[in-house]
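Numbering of residues begins at 1 and proceeds along the displayed sequence. Counting starts at 1 for both ligands and their atoms, in listed order. Since the model is a prediction, treat every value here as computed from it, not as a measurement.
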Amino acid sequence: MTTYKNLIAGEWVESATGETFANHNPATGDLLGHFPSATVEDTQRAIAVANEALSGWANTPPPSRAVILDKASKIIDRRGDEFAKALTQEEGKTYAEARGEVNRARDIFAYAAGEGWRMGGQTLPSNIPGELLYTRREPLGVVALVTPWNFPIAIPAWKMAPALIYGNTVVFKPASLSPHIGLLLVEALVEAGIPAGVLNFVTGSGRSVGNTLVGSKDVDGVSFTGSYSVGMGIYAQAMKNLTRVQLEMGGKNPTVVLKDAEIAQAVALTVAGGFGVTGQACTATSRVIVEESVADKFAAALADAARNLRVGNGLESGVQMGPAVDQGQLETDLEYIRIAQKEGAMLLAGGSRATDDGYFVQPTVFDGVDVSMRIAQEEVFGPVVGIIRARDFDDALEKANAIEFGLSATVVTNNLQRAFQFANRIDAGVVKINESSSGLALQAPFGGFKHSSANTFKEQGPAAIEFYTRTKTVYVGHG
Ligand code: NAP
Ligand code: MG
């Protein structure tokens, strides 16, 4: 059984106490390995090391930084199969889903490498003769990346790649439920030649590692993706040092089905959004808001599709949906199913564990969900979809917006006017038309509204530079 290590100052090290935690496979229960339970002191050392490495990396020309990121992208590509298997083993999603996620990480590094050749500032017109007025982008400094278990390579990649290309040094804390794929990503950067101290990898609990990172005055930025409750605590703590914070949190994303929609397409998009990656996506569909006149037909077809999905170990061929990530998430899923039934929602499909062992839940569909129910308001983070019936388009929009979250939303319709009205009036940071609520383009800005985000900085694509750099304005009187 392998005991893995952390990366601090370019060396693979144990925690100060030598303590470790176990990593398990949610489909089989197998023990996969042990990871260091880093202490507060270990974390502080990683922060100190990142500060020491900062000026060297910040002053490395961006095109030279790009060479390393480009190499990392190629290494991820070369090791793609191994990475995807490791991801499926520790997190549970199917091999196809894991492979897609690994490929995405590969592409994110390629994209970021290109940024090294492009980034620049602004030159502004001056009102003083003989003055040059320009802005200069500098790295933010030391950034802490605190990430969730559900996209355990894509999310670290979409934070780490821009952090590094724009000249920041990094302390990366992966989620404790899926640290292995994070370590493999770090290995790729090490093999690509990232200098010692520029990228540090520290595993351990949110309480010790996460908390230390977020509360440190020697950390200049915290980029966090995870739950609303943890994110709120992070925001309050980081504010004490005026640390720049980016938070991407939960969702309760609607798929809105209008009466002109093709039902087969609406069902396929709901299955992809609701049951893809076992519903464990921040952009997963968990509410389907359907115009009354087509609701019966849609509900029957969705329930059928849910019953026909093949649930099992993500490494077996033909499996379409993997397990919940752990016992806790399995219990949460089953608890919300009980809550929905108690609230009076009607169970159309699923509703139970799929097997006696492994953390498998049946794809579950409820009808007759009301916006006031907990099942319509709270993030489950599992394969549970609730149908909410709407009188008409305006009622559907109102119901879609009757929620604290605002991450992603999609509408299924062939009515062009309605589609654009939806895009304009929905309160969500990502809007889809005739596409699944989940799935994002790495080259486009991403971030939620309302309680899905701190509403400070977007992530990904051309937006990432805003969080990972600070801008200086320079006035040059040369007249
Ligand atoms: P989580 O429990 O909030 O954990 C996220 C990360 O924060 C983990 O690395 C966790 O460490 C760490 N953490 C926990 N307590 C902390 C503390 N007090 N201080 C600092 N860090 C702390 O979330 P999760 O269960 O891993 O992920 C699921 C959630 O993520 C869902 O709510 C989902 O919607 C959200 N999510 C959002 C997006 C988005 O972009 N909007 C994308 C994916 C997921 P440990 O693992 O050691 O506890
Ligand atoms: Mg957690």
Side-chain angles (χ1 to χ4, degrees), residues 21-23 35-38 40 43 90-91 93 101 104 144-159 171-182 201-216 219 222-238 243 245-253 277-286 324-326 328-329 332-333 336 378-382 404-408 428-430 437-440 442 445-460 463-464:
F21 63 92
N23 186 21
F35 283 81
S37 301
V40 170
T43 312
E90 71 176 343
E91 197 271 348
K93 66 184 59 173
E101 189 182 335
R104 180 186 184 85
L145 312 182
V146 181
T147 57
W149 50 263
N150 67 325
F151 287 107
I153 184 164
I155 293 175
W158 85 46
K159 297 181 190 298
V171 182
F172 163 36
K173 181 229 165 312
S176 299
L177 285 172
S178 52
H180 187 208
I181 187 69
F201 175 70
V202 185
T203 57
S205 71
R207 194 170 312 235
S208 64
V209 180
N211 227 22
T212 306
L213 289 171
V214 172
S216 171
V219 167
V222 175
S223 182
F224 166 85
T225 300
S227 60
Y228 175 72
S229 57
V230 172
M232 285 296 277
I234 288 179
Y235 202 68
Q237 211 189 346
T243 305
V245 187
Q246 175 178 63
L247 306 174
E248 287 305 329
M249 303 180 285
K252 188 79 194 172
N253 312 293
V277 296
T278 319
Q280 298 176 143
C282 53
T283 51
T285 289
S286 56
V325 71
D326 71 347
Q329 187 61 55
T332 300
D333 295 352
Y336 271 105
E378 298 171 22
E379 185 181 50
V380 178
F381 225 56
E404 295 285 1
F405 292 114
L407 194 53
S408 161
V430 175
S437 68
S438 59
L440 300 165
L442 64 93
F446 170 55
F449 290 171
K450 303 203 273 190
H451 286 181
S452 294
S453 170
N455 291 283
T456 50
F457 294 87
K458 297 261 181 193
E459 299 198 88
Q460 302 202 55

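- M249 has its side chain out of reach of F405: every pair of non-hydrogen atoms, C-beta onward, lies at least 4.5 Å apart.
- Atom 34 (O) of ligand 1 has its nearest heavy-atom neighbour, among E379, R207, Q280, in E379.
- Nearest heavy atom pair, residue V209 against residue G204, reads CG2-CA, 3.8 Å.
- Using cut-offs of 30° and 60° for the angle between ring planes, the F381 and W149 rings count as perpendicular.
- Pairing each heavy atom of Q460 with each of L442, the nearest pair is OE1-CA, 3.2 Å.
- Closest of all the heavy-atom pairs between P179 and T203 is CB-CG2, 4.1 Å.
- The distance from ligand 1 to the heavy atoms of I155 drops below 4.0 Å at these ligand atoms: 42 (C), 43 (C).
- Shown in contact with S227 at under 4.0 Å from a heavy atom are these atoms of ligand 1, numbered in order with element: 1 (P), 2 (O), 3 (O), 23 (O), 29 (C), 30 (O), 32 (O).
- By heavy-atom distance, the residue among F381, W149, Y228, F224 lying nearest atom 25 (O) of ligand 1 is W149.
- Residues W158 and F446 place their aromatic rings such that the two centres sit under 6.0 Å apart.
- For the residue pair S453 and G448, the shortest heavy atom distance occurs at CB-O, 3.2 Å.
- Nearest heavy atom pair, residue V380 against residue Q329, reads O-NE2, 2.9 Å.
- Residue F446 approaches ligand 1 through these ligand atoms, each under 4.0 Å from one of its heavy atoms: 40 (O).
- Taking 4.5 Å as the limit, some side-chain heavy atom of I155 sits within range of a side-chain heavy atom of N150.
- Less than 4.0 angstrom separates some heavy atom of P174 from each of these atoms of ligand 1: 9 (O).
- In the vicinity of T225, heavy-atom distances shorter than 4.0 Å reach the ligand 1 atoms 5 (C), 36 (N), 37 (C), 38 (C), 39 (C), 40 (O), 42 (C), 43 (C), 44 (C).
- Tested against E91, the residues Q280, E101, H180 include a single side chain to side chain contact (heavy atoms under 4.5 Å, CB included) partner, Q280.
- Counting heavy atoms from C-beta on, the side chains of F224 and K173 never come closer than 4.5 Å.
- Residue-ligand proximity, S176 to ligand 1, at heavy-atom distances under 4.0 Å covers atoms 45 (P), 46 (O), 47 (O).
- Each of the atoms 34 (O), 36 (N), 37 (C), 38 (C), 39 (C), 40 (O), 41 (N), 42 (C), 43 (C), 44 (C) of ligand 1 lies under 4.0 Å from some heavy atom of C282.
- Which of G206, G204, G251 comes nearest to atom 14 (C) of ligand 1 through a heavy atom is settled by distance: it is G206.
- In this structure, of V230, L247, L440, T147, the residue bringing a heavy atom nearest to atom 9 (O) of ligand 1 is T147.
- When heavy-atom distances to ligand 1 are checked against a 4.0 Å cut-off, V209 has no atom that comes that close, whether in backbone or side chain.
- For the pair G448 and ligand 1, no heavy-atom separation below 4.0 Å is found.
- Relative to atom 29 (C) of ligand 1, the option among G231, S208, G226, A144 with the closest non-hydrogen atom is G226.
- Considering backbone and side-chain N/O atoms, K173 comes within less than 3.5 Å of an N/O atom of ligand 1.
- Within the set G210, S453, G250, the minimum heavy-atom distance to atom 21 (N) of ligand 1 is found for G210.
- Atoms of ligand 1 found under 4.0 Å from any heavy atom of V146 (numbered from 1 in listed order, with element): 6 (C), 7 (O), 9 (O), 12 (C), 21 (N).
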